[in-house]
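Down below is the structure, laid out as structure tokens.
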Amino acid sequence: MNNADVAAAMNEIAELLELKGESTFRIRAYENAARTLGNLPEDIRTVSEEGRLRDIKGVGEALALKITELLETGHLKYLDALRAEFPAGVRTLMTVPGVGPSLARRVYAELGIDSLDGLRQAARDGTLATLPGLGEKSAENVLRALGRVKKRENRISIGRAIPLVEEFMAALAPSASIHELTPGGSVRRWSPTVGDVDLLATSGEPDAAMDAFVSLPTVAQVLGQGPTKSSIITDGGLQVDLRIVPEGEYGSLLQHFTGSKQHNIELREYALARGLSLNEYGITDQATGNVRHFADEVSFYHALGLEWMPPELREGTGEIEAARTHRLPRLITVEDIRGDLHVHSTWSDGTASIEEMAVAARDLGYEYIALTDHSAGIGVANGLSIERLQEQIALVGRLNDELEGITVLTGTEMEIKRNGDLDFPDEILAQLDWVIASIHSGFNQSQEQITARVVRAIQNPNVDCIAHPTGRLVGKREPYAVDLEAVFRAAAETGTVLEINSAPERLDLVDAHARRAIDLGVTLVVNTDAHAPVHFTNIRFGVAMARRGWAQSSDVLNSRDLAAVRSRLKRALPSP
DNA sequence: GCCGTTTTCGGCCCGACTGTTTTCAGTCG
């Protein structure tokens, strides 16, 4: 029973309460708790044992009792009772876009349907259209929507979303009817995954702009079209919404549709307490009814007495209070990055030579890279033996004599083996400039085993860095069961650096973890794990995760120059 | 069900679009 399990139970309760038609506020309380628990960097069991459940925002007396019961017994009577009211299939009906709790409840209660197949049948044979308030069109829409049932896998990584968004921007930009155009929502916040894309525009002729939008060649289906909002599905299955307001209201439009939902809820509660009501068109003084409009976001936030917040911070995790009290972090930027400390070459599983990688990095303006080919223990990636590693060290020495304008550090991405042993002996590691240790095997080990492996590597005086510390693959593989809190504490104590891996399929550490690590005094490094020169551009995704983790340049090792990096290495530090 | 520089009770963000309705509920973000 870990944080994700407890969060899942809270979410299931929320969905079942929706089916029952319970108070939306009670439902929201469970959803809030689920979201908070899902992002909680600490192990919920520790929090519970130390009697601090009530300190978690959104957890009151009732939820604390339920969480405790869940942790102690593995079950929750309240949830079991709710489950008994609806067959499991009824909940899956709500995964159909357009089918909410009300329709799912009625379909079950009045037609006895409790599966997607049953719903499809009823939509086809006309049964569904017989329900009061529904007609032919509703049945057609349900039938079509059954083809795009909401699944977690339907969210795409930010790495896939950004190029698609750029294509849309390019296709719409030539239109005379569209003036300003910016992506909003999870794309603008650089969320690790994106469910749909919001494009935000100003236009003098919104109808013409919407016509142009829904007529784009990539559009497979038009979900809706109006003067301020239109929605389409691309042939790739991605939903894209276009929102349009007049020029003078662009600031509030951007703010509103950048979200997040939680940020907006908190911002509006903050505004309401000051007699102001917010929407996408402006700020309304509730006493006078006067509406003020804003052409840009900065003036919108200033009108509320708040500093402008970078979109990456807008997740409802304390950013509004920080903006009010002028305590926002000065977030790291891509321009701050001076080198990449996780780079592969053809010596292991990369596609370019050491020199090609070094030259590509230099062309980006970097001062240094660390060559970190895999060690032999990984088995599959052409890992280096001790003999090949020593050949490589010698070659890098010669390369550094020849190369102008960039320094290649010798290094390794060394496997932490299943039994916790490291792949190279200490006397070999001591010859390297930079040592990364990481896990590519034994993902299913217990939390105790995996944590012990990582902590043991951290405690090795020759290990500088742990790469992709949770091993997760976005939308494909859950993190292994490592106790991150223990890892962060060990890393802080020993001066071991933890990586934010920028590869779009990894993004590991992710935002909330990075933030917790920083709070505990850990130094981070943002690397691309480049296996080809083109991968260096992925740095923007890793920097985005760092920004979402409230990281400043001082928190990130490779924002420093080479001399500062060298002096920060573990072997250069006094013993803890 | 949570929460408190109005409150321990009475609030809880806000609006667009659709389909089926003669004024609105449901769904979504």
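Chain letters run A, B, ... following the sequence lines, proteins first, then strands; residues in each count from 1.
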Would you jot down, in residue-number order, the residues of residues 279-314 of chain A having a non-hydrogen atom under 4.0 Å from DNA chain B? A:N279, A:E280, A:Y281
Tell me which residues in residues 116-133 of chain A put a heavy atom below 4.0 Å from DNA chain B, sorted by number, or none. A:G133
Assess whether a salt bridge exists between A:E297 and A:R188, defined as any Lys/Arg side-chain N lying under 4.0 Å from an Asp/Glu carboxylate O.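 Yes.
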Salt-bridge criterion met for A:E50 and A:R52 (N-O under 4.0 Å): yes
Return the value, rounded to whole Å, for the distance between atom [atom1] of [X] and atom [atom2] of [N].
X	N	atom1	atom2	value
A:Y270	B:dC14	OH	P	15 Å
A:E269	B:dC14	CD	P	9 Å
A:E22	B:dC12	CD	P	19 Å
A:L267	B:dC14	CG	P	11 Å
A:Q225	B:dA16	CD	C1'	14 Å
A:Q262	B:dC14	CD	P	14 Å
A:K137	B:dT20	NZ	C1'	11 Å

Is it the case that more than 12 heavy atoms not belonging to A:R160 sit under 6.0 Å from its CZ atom? no
All pairs passing ring-ring contact (aromatic ring centres under 6.0 Å, His included) where residues 178-212 of chain A contributes a residue, at least two apart: A:W190-A:F541
Can you list everything that forms a side chain to side chain donor-acceptor pair (under 3.5 Å) with A:E61? Sequence neighbours excluded, please. none
Under the side chain to side chain donor-acceptor pair (under 3.5 Å) test, which residues partner A:D519, sequence neighbours left out? none
Would you measure the distance from the [atom1] atom in [N] across to the matching atom in [M] and give it in whole Å?
N	M	atom1	value
B:dT5	B:dG1	C1'	24 Å
B:dC17	B:dT23	C1'	16 Å
B:dT18	B:dC12	C1'	27 Å
B:dT21	B:dG15	P	27 Å
B:dT6	B:dC2	P	23 Å
B:dT20	B:dC14	C1'	24 Å

Ranking A:G226 and A:L276 by the position along DNA chain B of their nearest nucleotide, the one closer to 5' is A:L276
Which residues share a side-chain contact (heavy atoms from CB on, under 4.5 Å) with [X], sequence neighbours left out:
X	answer
A:D296	A:V298, A:S299
A:E69	A:T73, A:L76, A:K77
A:T218	A:F168, A:L216, A:T234, A:D235

Distance col, row A:E31:CD vs A:T24:OG1, nearest 0.5 angstrom, shows 9.5 Å
Establish, yes or no, whether the cationic atom of A:R274 lies under 6.0 Å from the six-membered ring centre of A:Y270 and within 45° of the ring axis.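 Yes, a cation-pi geometry holds between A:R274 and A:Y270.
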Pair partner, B:dC9 [Watson-Crick or wobble, under 3.5 Å]: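 Looking at the geometry, B:dC9 pairs with B:dG4.
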With the sugar-phosphate defined as primed atoms, P, OP1 and OP2, and the base as all remaining atoms, what B/S/- string results for nucleotides 1-7 of chain B, 5' to 3', for protein heavy atoms under 4.0 Å? BSS----
Classify every nucleotide of nucleotides 22-29 of chain B by which part a protein heavy atom approaches to under 4.0 Å, writing B for the base, S for the sugar-phosphate alone and - for neither, in 5'-to-3' order. ----SSSS
Under 4.0 angstrom, heavy atoms only, what part of the nucleic acid is [X] near: base, sugar-phosphate, or nothing?
X	value
A:E136	sugar-phosphate
A:S277	sugar-phosphate
A:N141	sugar-phosphate

Result block: side-chain N/O donor-acceptor pairs under 3.5 angstrom for residues 136-143 of chain A, not counting sequence neighbours:
| unit_1 | atom_1 | unit_2 | atom_2 | d |
| --- | --- | --- | --- | --- |
| A:N141 | OD1 | A:R144 | NH2 | 3.0 |

Less than 4.5 Å apart, side chain to side chain, heavy atoms only: is that true for A:L164 and A:I156?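 The answer is yes, as the side chains (C-beta and beyond) meet within the 4.5 Å cut-off.
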Mind checking whether A:D43 and A:N2 have side chains closer than 4.5 Å, heavy atoms only?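 In short, these two side chains do not touch, never coming nearer than 4.5 Å.
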Under 3.5 Å, sequence neighbours excluded: what are the donor-acceptor pairs made by side chains of residues 509-517 of chain A?
| unit_1 | atom_1 | unit_2 | atom_2 | d |
| --- | --- | --- | --- | --- |
| A:D511 | OD2 | A:R548 | NE | 2.7 |
| A:D511 | OD2 | A:R548 | NH2 | 2.9 |
| A:R515 | NH1 | A:T317 | O | 3.1 |
| A:R515 | NH1 | A:T317 | OG1 | 2.9 |
| A:R515 | NH2 | A:T317 | O | 3.0 |
| A:R516 | NE | A:E485 | OE1 | 3.2 |
| A:R516 | NE | A:E485 | OE2 | 3.4 |
| A:R516 | NH2 | A:E485 | OE2 | 2.5 |

Does a nitrogen or oxygen in the side chain of A:T228 sit under 4.0 Å from OP1 or OP2 of B:dC17? yes
